[in-house]
Amino acid sequence: MCMREVLAACRVVAVLAAFSFGCGGRASAPPSPVPPADTVTASVRDWRRGATCYEIFVRSFFDSDGDGIGDLRGLTEKLDYINDGNASTHRDLGAQCIWLMPVNEASSYHGYDATDYYRVERDYGTNDDFKRLVVEAHRRGITVLVDMVLNHVSSEHPWFREALGDPAALHRSWFRWATSLPAERGPWGQEVWHRSPVRNEYYYGVFWHGMPDLDYHTPAVREEAKKIAAFWLTEMGVDGFRLDAVPYLVEEPGQQIGTTGTHAFLHEYAASIRAIAPDAFTVGEVWDGLDRMLPYYPDQLESYFAFDLSDLLIAALRDGSPQALLDRYARFQQSVPDARYSTFLRNHDQTRTLTALGGDVARAKLAATLLLTLPGLPFVYYGEEIGMTGDKPDERLRTPMQWSSAAGAGFTRGTPWESLQADWATTSVERQDRDPASLLDLYRRLIHLRLDHSALGTGDYMALRASSPTVAAYLRRDGDRAVLVVANVGTTSAMNVTLTTPDAALRPGRNTATRILQPGVASKLVIAADGRIRGYVPVADIAPLETWIVELDRR
Ligand SMILES: [Ca+2]
Ligand SMILES: [Ca+2]
Ligand SMILES: [Ca+2]
């Protein structure tokens, strides 16, 4: 999907015009009555505790048969790279879950335009290949999420072909039609009513003419969406879904984004999933700021991606200024029920992290360190862990995984479906695998650290005031356990930086401060009777882009 361009356009409009008609829309209140907020079951919480997820584009991950296209058997072969299922080994990435971009049969290479929701994309293999992948993932403790695109189908989908050809067709009411061209434009000013190629009429498609929107006012469409979810949960064995473009699901007169109808449908859809699979996890794409995300809680999907935090994290590294990032995390923690938000650096619609950071690996390391020590459920986009690069167009954000310096980057023994990035021979898993200074090694250590330290995995969050504007400092606390992170996002050393909390942070007493990612100790931290941290200097000199992650231990 090309969501990025449209939303980028939206933001420009909003900023330039200083008002936001249409763009982003006015978020409606969630439907009432509201059932109990806590719909997350204990076992769902279990796999999420300290977990990191890994986003995969199957077409680009690993090709098992030499046709140049990544496939499900290839992904199954590479599962040990993601997680080998053995808690005592740390040479795997350690991810506890995978999100697969669409795997259903579709028109386009990316899969966001389904032609058959009940069949795996034939380039990727068969339904049985998918079931074997799920069995092998589960054997390793990996939760499997698949992308689910409900807003629209491909214009090649049989439902739409039939409805287009015959006004009396069974699926006619599954789409929206008009006999004359409506004046209505889309949320970012685009054409949304498209001329039928077969008769004098128009149909609605918010993204483009090749993706007609389904009409969720039609009860049979809502039932079909639930049936598709049931199929993937019970027949195919998945553990949940990443839901594409959820704000656009249900149109109402004069309103296309975040409508009351959309919230009502998400509520109905999530309830139907819970009835089938109480532990299923759902994470939605609401590409907007925190305030526009909040109406999607507490009783719709479990989680949503925090685009705000992603943008602010990249900006903090670019600008050498972390304050806005730290403040926004605090707002997320305060506003989102039970920390039900998902974090990431970049996804398949965005310039890759290393490219966004000007190719500076030290900055990419610090970005990973912040992402994986801050709260939320973090997602890592495949290849990010080795510093793969890529910029628009979309295909270049989704290039084949660079496994080795062998021909085809070890991705295929044939010709890759999309050409490799120019640095494929030097930036690879093989090159970084045994290098303790590599980005890959850092990702592995951080992901395992998050799993092993409950303060990082599930602890609360408190930002500290630092005397230097380039230093990010925060506490993660879980009961008596506490981890302090101090990072210099600037390009010069931060000398004798003092840290302070406005409120009580820890129990009174003396704490040792031991570094947990590298060897080393920071100064002792003495907490006075009021529990505040005052003028604490953990270390005399924090180098540019250096982080101190220290475990505080009360003695
Ligand atoms: Ca293949
Ligand atoms: Ca392992
Ligand atoms: Ca729609």
Side-chain angles (χ1 to χ4, degrees), residues 1 55-77 79 98-138 142-165 169-171 174-175 205 207 210-214 216 218 220-245 269 272-273 276-277 280 282 348 398 417:
M1 290 260 319
E55 181 192 352
I56 295 169
F57 185 36
V58 173
R59 188 173 297 274
S60 280
F61 202 62
F62 187 63
D63 171 23
S64 68
D65 59 5
D67 68 355
I69 297 174
D71 47 56
L72 294 167
R73 290 182 180 201
L75 170 54
T76 306
E77 275 183 55
L79 283 175
I98 51 178
W99 152 28
L100 309 182
M101 287 164 60
V103 291
N104 49 253
E105 188 69 80
S107 300
S108 300
Y109 81 93
H110 51 64
Y112 285 96
D113 48 357
T115 53
D116 188 345
Y117 284 104
Y118 298 95
R119 196 197 178 289
V120 157
E121 165 61 52
R122 63 192 80 231
D123 289 346
Y124 295 172
T126 64
N127 286 16
D128 284 342
D129 290 335
F130 186 87
K131 292 176 191 173
R132 271 192 296 275
L133 165 71
V134 171
V135 167
E136 288 299 317
H138 286 171
I142 302 171
T143 293
V144 180
L145 312 176
V146 289
D147 228 309
M148 186 56 68
V149 185
L150 297 179
N151 181 66
H152 50 264
V153 294
S154 167
S155 56
E156 299 302 312
H157 195 294
W159 300 337
F160 185 71
R161 301 299 308 169
E162 178 207 347
L164 193 66
L170 183 63
H171 293 101
W174 289 36
F175 302 92
F207 292 107
M211 292 176 174
D213 277 41
L214 289 161
Y216 278 86
T218 300
V221 172
R222 296 201 298 275
E223 291 313 308
E224 185 69 24
K226 291 185 253 179
K227 189 178 145 204
I228 293 164
F231 170 79
W232 284 91
L233 289 165
T234 59
E235 292 288 312
M236 302 294 263
V238 303
D239 304 293
F241 304 103
R242 178 266 185 186
L243 287 132
D244 187 60
Y269 182 75
S272 89
I273 287 178
I276 298 162
T282 49
H348 62 279
R398 307 165 185 174
W417 73 274

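We count residues from 1, following the sequence as given.
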S.K.: Taking the six-membered ring for Trp, are Y269 and F241 parallel (under 30°), tilted (30 to 60°) or perpendicular (over 60°)?
M.R.: tilted
S.K.: Have D123 and Y109 got a donor and an acceptor in their side chains that come within less than 3.5 Å?
M.R.: no
S.K.: Return the CZ to CG distance between F130 and D71, rounded to the nearest 0.5 Å.
M.R.: 13.5 Å
S.K.: I need the minimum non-hydrogen distance between G70 and Y124, along with the two atoms involved.
M.R.: O-CD2, 3.5 Å
S.K.: Got R59 and I69 here, is their nearest side-chain heavy-atom distance under 4.5 Å?
M.R.: yes
S.K.: With M148, which of V238, T282, D244, I228 fulfils side-chain contact (heavy atoms from CB on, under 4.5 Å)?
M.R.: I228
S.K.: Is there a donor-acceptor pair closer than 3.5 Å between any side-chain N or O of S60 and the backbone N or O of R398?
M.R.: yes
S.K.: I want to check something: taking the side chain as every heavy atom from C-beta on, are F160 and H171 in contact at a cut-off of under 4.5 Å?
M.R.: no
S.K.: Counting the benzene-type ring for Trp, do F57 and H348 have ring centres under 6.0 Å apart?
M.R.: no
S.K.: Hey, what do you get for CD (E224) to CZ (F231), rounding to the nearest 0.5 Å?
M.R.: 11.5 Å
S.K.: Tell me whether D113 contacts the main-chain N or O of S108 through its side chain, where contact means a donor paired with an acceptor under 3.5 Å.
M.R.: yes
S.K.: Is the closest basic N to carboxylate O distance between R73 and D65 below 4.0 Å?
M.R.: no
S.K.: Check whether any side-chain heavy atom of W99 lies under 4.5 Å from a side-chain heavy atom of D147, and answer yes or no.
M.R.: yes
S.K.: Any heavy-atom pair between the side chains of D129 and V120 that's under 4.5 Å?
M.R.: no
S.K.: Taking atom CG of N127 and atom CE of M236, what is their separation to the nearest 0.5 Å?
M.R.: 3.5 Å
S.K.: Would you mind reporting whether Y117 and H157 have side-chain heavy atoms less than 4.5 Å apart?
M.R.: yes
S.K.: CD of E136 to CG of L72: how many Å apart, nearest 0.5 Å?
M.R.: 13.0 Å
